[in-house]
Amino acid sequence: MKRLAAFTILALLALPVFPAQAQTQAPADASATAAVGDLCADRPGKATPPCILDTGHAQLEVGLADAVFQHSNGLHQTLYTVSAGELRVGLTPSLEVEASWAPLIIDHQRGAADVTGTGDLTVGLRHALTAPGSDGVQVSIQGFVTAPTATHGLGAGGWTGGARLPVAVPLSKDLGLGLTPEVDVVRNASGGGTHLSWSLPVGVSRAFDKTTLGIEAWGEVDDDPQRRTYQASADFTAARMIGENTQLDAGVYFGLNRQTPDAEAYVGLSHRF
């Protein structure tokens, strides 16, 4: 937990979360709907926003540093991910393409040598089911496939994929609700075959001029043939606009049962070109 405390302090130092002048920004954790032209990032949070990137624009979203802490049943593991990036490109007013990859992952376990490598490559499409940028509820659908490009066993171990239904519900001018039902095809723990996994993050966020604070509840059911597992977390996020095309963010997740990692902390950056 000392590593978590240090990481959280760095996150807060890197993110000025005091109010500033005048731009109400839709939160990146999908808890509100962004107007056309506003930056709308997938970061932070586990919920995905339904917004579509403007046609002809590209947006790079980078997890500058991420640490996942798991200390249970004699296991003391910290998983670090550095500079994990997602590139989004707007194809039409209602369609975008996305690709994400982690160039550096470090698996640190007490009493064992660190394992260092790269992550899997994920590509996907997101299509708006409601008019992008309109008032009211926003909904989109997202499908994705993950290729087994990871090294040293740091990925899923085979082809996987899934689908999400991002939803954003404005509750007031600065308050929003976001949720993202998701179903995934994931690899069996035994290494052979696949099974389904379901997850749902639900979040509420509040914008304070250029700063947005959010809270989420997340749950997942992994229906592995050997053993069905349940995970749940309470998530806290913050995002800060710098100009019109750049966002800084930070977040901390806390596991709510023994099958969920104890905690996760991260800082990130999003920029629209």
Side-chain angles (χ1 to χ4, degrees), residues 1-12 43-47 63-84 100-122 146-160 162 182-201 215-237 250-268:
M1 298 307 290
K2 290 182 179 179
R3 289 196 185 96
L4 174 60
F7 199 99
T8 303
I9 291 171
L10 289 174
L12 294 175
R43 305 179 56 86
K46 294 175 181 173
L64 299 175
D66 184 293
V68 179
F69 305 89
Q70 179 73 66
H71 299 161
S72 63
N73 299 323
L75 175 67
H76 294 265
Q77 179 184 33
T78 305
L79 188 68
Y80 300 100
T81 304
V82 181
S83 298
S100 60
W101 179 66
L104 178 59
I105 300 174
I106 304 170
D107 185 357
H108 172 77
Q109 295 190 37
R110 181 181 296 179
D114 290 354
V115 178
T116 302
T118 62
D120 289 335
L121 172 67
T122 299
T146 299
T149 61
T151 58
H152 304 293
L154 294 172
W159 288 88
T160 62
E182 177 175 343
V183 59
D184 298 300
V185 178
V186 298
R187 307 297 298 183
N188 292 342
S190 62
T194 60
H195 62 275
L196 294 180
S197 174
W198 298 269
S199 63
L200 176 64
I215 182 171
E216 288 181 332
W218 170 82
E220 179 187 71
V221 179
D222 189 320
D223 203 13
D224 190 281
Q226 287 188 344
R227 181 190 178 193
R228 175 178 289 180
T229 58
Y230 303 87
Q231 294 193 38
S233 67
D235 311 334
F236 303 88
T237 63
V252 180
Y253 305 155
F254 296 100
L256 300 180
N257 66 4
R258 295 183 64 85
Q259 296 175 338
T260 308
D262 296 333
E264 179 176 358
Y266 60 84
V267 293

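Along the sequence shown, residues are numbered consecutively beginning with 1.
Remark: His76 engages His71 in a ring pair (Phe, Tyr, Trp, His ring centres under 6.0 Å) (not counting sequence neighbours). With sequence neighbours left out, the side chain to side chain donor-acceptor pair (under 3.5 Å) criterion links Asp107 to Gln77. When the side chain to side chain donor-acceptor pair (under 3.5 Å) test is applied to Arg258, the partners found at least two apart in sequence or on another chain are Asn73. Partners of Gln259 under the side chain to side chain donor-acceptor pair (under 3.5 Å) rule, at least two apart in sequence or in another chain, do not exist in this structure. Residues meeting the side chain to side chain contact (heavy atoms under 4.5 Å, CB included) test with Thr122, sequence neighbours left out: Ser100, Phe144, Thr146. For Asp235, the salt bridge (charged side-chain N to carboxylate O under 4.0 Å, His left out) test picks out Lys46, with sequence neighbours left out. With sequence neighbours left out, Glu220 forms a salt bridge (charged side-chain N to carboxylate O under 4.0 Å, His left out) with no residue at all. For Glu182, the side chain to side chain donor-acceptor pair (under 3.5 Å) partners are Arg164, not counting sequence neighbours. For Thr116, the side chain to side chain contact (heavy atoms under 4.5 Å, CB included) test picks out Leu104, Ile106, with sequence neighbours left out. Ile105 is linked by a side chain to side chain contact (heavy atoms under 4.5 Å, CB included) to Leu79, Thr81, Ala102, Leu154, counting only residues two or more places apart in sequence or in another chain. Residues passing the side chain to side chain contact (heavy atoms under 4.5 Å, CB included) test with Ala232, sequence neighbours excluded: Leu256.
The line from CZ of Phe254 to CH2 of Trp218 is 15.0 Å long, rounded to the nearest 0.5 Å. A distance of 11.0 Å separates CG in Asp66 from OH in Tyr80, rounded to the nearest 0.5 Å. For the atom pair OH (Tyr253) and OG1 (Thr237), the distance works out to 7.5 Å, reported to the nearest 0.5 Å. Rounded to the nearest 0.5 angstrom, Tyr230 OH and Asn257 CG are separated by 11.0 Å. A distance of 9.0 Å separates CZ of Arg110 from OG1 of Thr78, quoted to the nearest 0.5 Å.
Side-chain contact check for Pro261 versus Gln231: some heavy-atom pair is nearer than 4.5 Å. Within the 4.5 Å cutoff, the side chain of Leu75 has heavy atoms near those of the Gln70 side chain. For the pair Thr229/Asp224, no side-chain contact is recorded, criterion being any heavy-atom separation below 4.5 Å from C-beta on. For the pair Asp223/Trp198, a side-chain contact is recorded, criterion being any heavy-atom separation below 4.5 Å from C-beta on.
Taking all atoms of both residues into account, the shortest heavy-atom contact from Ser83 to Pro103 is O-CD, 3.2 Å. The shortest heavy-atom contact between Thr149 and Gly119 is OG1-O, 3.0 Å.
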Donor-acceptor contacts under 3.5 Å from residues 185-194 side chains, at least two apart:
{"unit_1": "Asn188", "atom_1": "OD1", "unit_2": "His195", "atom_2": "ND1", "d": "2.7"}
{"unit_1": "Asn188", "atom_1": "ND2", "unit_2": "Gly192", "atom_2": "O", "d": "2.7"}

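Under the 3.5 Å distance criterion, the side-chain polar atoms of Glu216 are matched with a main-chain donor or acceptor of Ala47. For Trp159 (side chain) and Pro148 (main-chain N/O), no donor-acceptor pair under 3.5 Å exists by modelled atom type.
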